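Note that ligands are numbered from 1 as they come in the structure, with each ligand's atoms numbered from 1 the same way. What you see is a predicted model; the values in this text were computed from it and never measured.
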Amino acid sequence: MAERFDVVIVGAGFAGLYMLHRLRGLGLSARVFEQGDNVGGTWYWNRYPGARCDAESLAYSFSFSPELEQQWQWTERYATQPEILQYAEHVAERFDLYRDIRFQQRVVSATYDEADNSWLVTTAQGETAVAQFCIMATGCLSVPQLPDIKGIDNFQGARYQASMWPPEGVDFSGCTVGVIGTGSSGIQAIPVIAERAEHLYVFQRTPNFSVPAVNGALDDGWVEQFKVNYRQHRHYHKHGLSSGFGDLEIEPRERTPAAESAADMSAQEVAAILDPYWQRGGAFFLSAFADSLIEPRSNAKIADYVRGKIREIVQDPQTAEDLCPTDHPIGSKRICVDTGYYAAYNRSNVSLINVRRTPIEEVTATGIRLSDRNIDLDTLVLATGFDAMTGALLNMDIRGRGGVRLADKWHSGPRAYLGINMHGFPNLFTVTGPGSPSVLSNMLVSIEQHVDWMVGCIEHMRSHGRQRVEAELQAEDHWVAHVNEIANATLFPQGGSWYLGANVSGKPRVFMPYAAGVGAYRDICEDVVRDNYRGFVFS
Ligand code: NA7
């Protein structure tokens, strides 16, 4: 017989950990199932060389415990994967979370039993649990996407997937290495692999925009001063207009003043505004102009500026041209934040292969056959992305009221009210689900907001003697239309990115995250609560 709990949580990344901590505070029992053998979620799996967060450490961290945020010492402006993993482990130990987590348990199904008002959750390893509530804390980028390239399984050398990197690491010295994929993962890994490999070939299909991280050790005195006002900083990260990444100046400020538009500026005027952002580093670059993701002419000027930088850095003119993105507005695909990416192409041991010009015909036992030549490789690294946002949910067999499958409900794209709950799936919550700011935001800000909202809802139900909560179909329909309307007012849908599902063949093209910013979204969620949980039915 399955063990019974108040709540089952799927996933022990940051969302699962914080959810467990909050439920404990309500005195509820919970079981967490986690596929890995430790906590950390995306930071457990993504151990590729150079992996680090593209949000700044002091903002990409939990805010729920003032003691934790004061005591934990980040060492770099952008934390490395090992440091973030250490932080996740520290949180799990500090709040005594490990005892409720079952590791190496991959959830394969979650089935709602209407008569019992409960969810039965089953793992591939044969464990089960029954609970009134089921929380999907499965992450937005947790299902690796393998490229559909002929012969990929024929390769006899060493092959690695960026998001499933061996914990012991890989020694590239003396090896001829190929990297396929130039999104954030490839762009972070390439300069690091280049330093070790005998020769590195980068197989690029679509160039991406990248801005320098300007990473470095954090200054203790600066951090101490910053932490004096940590609460106020957090407040602005959560309530700000944009993505919650924060404006990391010593003095807290609601928002960095932005120029209105680059649309009618000369290249010199644009450069005068963007130069300080480029020198300061980070994705904050896109905040320099208020309309960067709305007005195509303004966006084009910003993109021109970055292409100019690429041509300045990269010495070989053909390589520089190949690295210049021209097929999407800057920022409409997630902007990359790098350390030495473009400069890596000035090394004599790095070659860029533009596979739009010389397509990959197939992977062979010994390397890659291009349309015009063969390249022998010892090692092949795949940095080809994820089945984002819906992949992890649809990989499980989730069945709601009347046995309806989530996969059927979502056959034309994800539908959820506020990105939190789906009509037909009572008492099932999706942390940072499609329809919420999620991947367009600082994930820690969005995770805390969602978990707090969900826990508040469970508390409300308990104090009002309610057993079941479910989104109304009409509220869900309106929300999905609103998410689309907001996205269509921006340049995001033109990006052809994983935000839209465009990187997975056959996946419906629907812009999945909510693009109005974390502050506006939080206000809506709070307003829904004040309005007696407008759009939800309790029974
Ligand atoms: P991304 O950003 O989805 O990048 C995947 C890359 O892999 C991208 O350059 C793709 O080119 C490339 N790709 C995928 N399939 C192929 C094939 N068949 N041939 C050649 N190239 C291919 O994933 P990342 O892991 O880098 O980053 C995901 C997020 O993780 C990131 O935004 C951060 O939030 C963290 P394409 O553009 O499809 O031509």
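Here Arg106 does not pair with Glu34 in a salt bridge; the nearest charged N to carboxylate O distance is not below 4.0 Å. Salt bridge Arg356/Asp322: absent, no basic N to carboxylate O contact under 4.0 Å. With respect to Arg307 and Asp304, a salt bridge is recorded, a charged nitrogen being found less than 4.0 Å from a carboxylate O.
What sits closest to atom 30 (O) of ligand 1 on the protein, heavy atoms only, is Leu141 CD1, 3.6 Å. Of the protein's heavy atoms, Gly385 CA, 3.1 Å lies nearest to atom 23 (O) of ligand 1. Of the protein's non-hydrogen atoms, the one nearest atom 25 (O) of ligand 1 is Ser185 OG, 2.6 Å. When hydrogens are left out, the protein atom nearest atom 9 (O) of ligand 1 is Thr182 N, 2.9 Å; that is the closest non-hydrogen contact. Given atom 20 (C) of ligand 1, the protein heavy atom at minimum distance is Ile180 CG2, 3.6 Å.
Proximity to Lys333 (heavy-atom distance under 4.0 Å) selects the following atoms of ligand 1: 37 (O). When each atom of ligand 1 is checked for a heavy atom of Gly181 under 4.0 Å away, the hits are 6 (C), 7 (O), 9 (O), 12 (C). For ligand 1, the atoms sitting less than 4.0 Å from at least one non-hydrogen atom of Ala383 are 5 (C), 6 (C), 7 (O), numbered in the order shown with element in parentheses. Of all the atoms in ligand 1, the ones that sit under 4.0 Å from a non-hydrogen atom of Ile149 are 18 (N), 19 (N).
The shortest distance between side-chain heavy atoms of Leu418 and Ser436 does not fall below 4.5 Å.
Within the 4.0 Å heavy-atom criterion, neither part of Phe203 lies near ligand 1. Contacts with ligand 1 closer than 4.0 Å are made by heavy atoms of both the backbone and the side chain of Thr206.
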Where do Leu491 and Gln494 land on the side-chain contact (heavy atoms from CB on, under 4.5 Å) test, with the steps shown first? CA-CA 6 Å; Leu491 302 175; Gln494 295 179 30; 3.6 Å; yes

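Across all non-hydrogen atoms, the minimal contact from Thr358 to Leu370 is O-CD2, 3.4 Å. When every heavy atom of Gln145 is checked against every heavy atom of Asn503, the shortest pair comes out as NE2-O, 3.8 Å. Residues Ala288 and Ile273 come closest through the heavy atom pair CB-CG2, 4.3 Å.
Considering both main-chain and side-chain atoms, Asn503 never comes within under 3.5 Å of ligand 1 through any nitrogen or oxygen pair.
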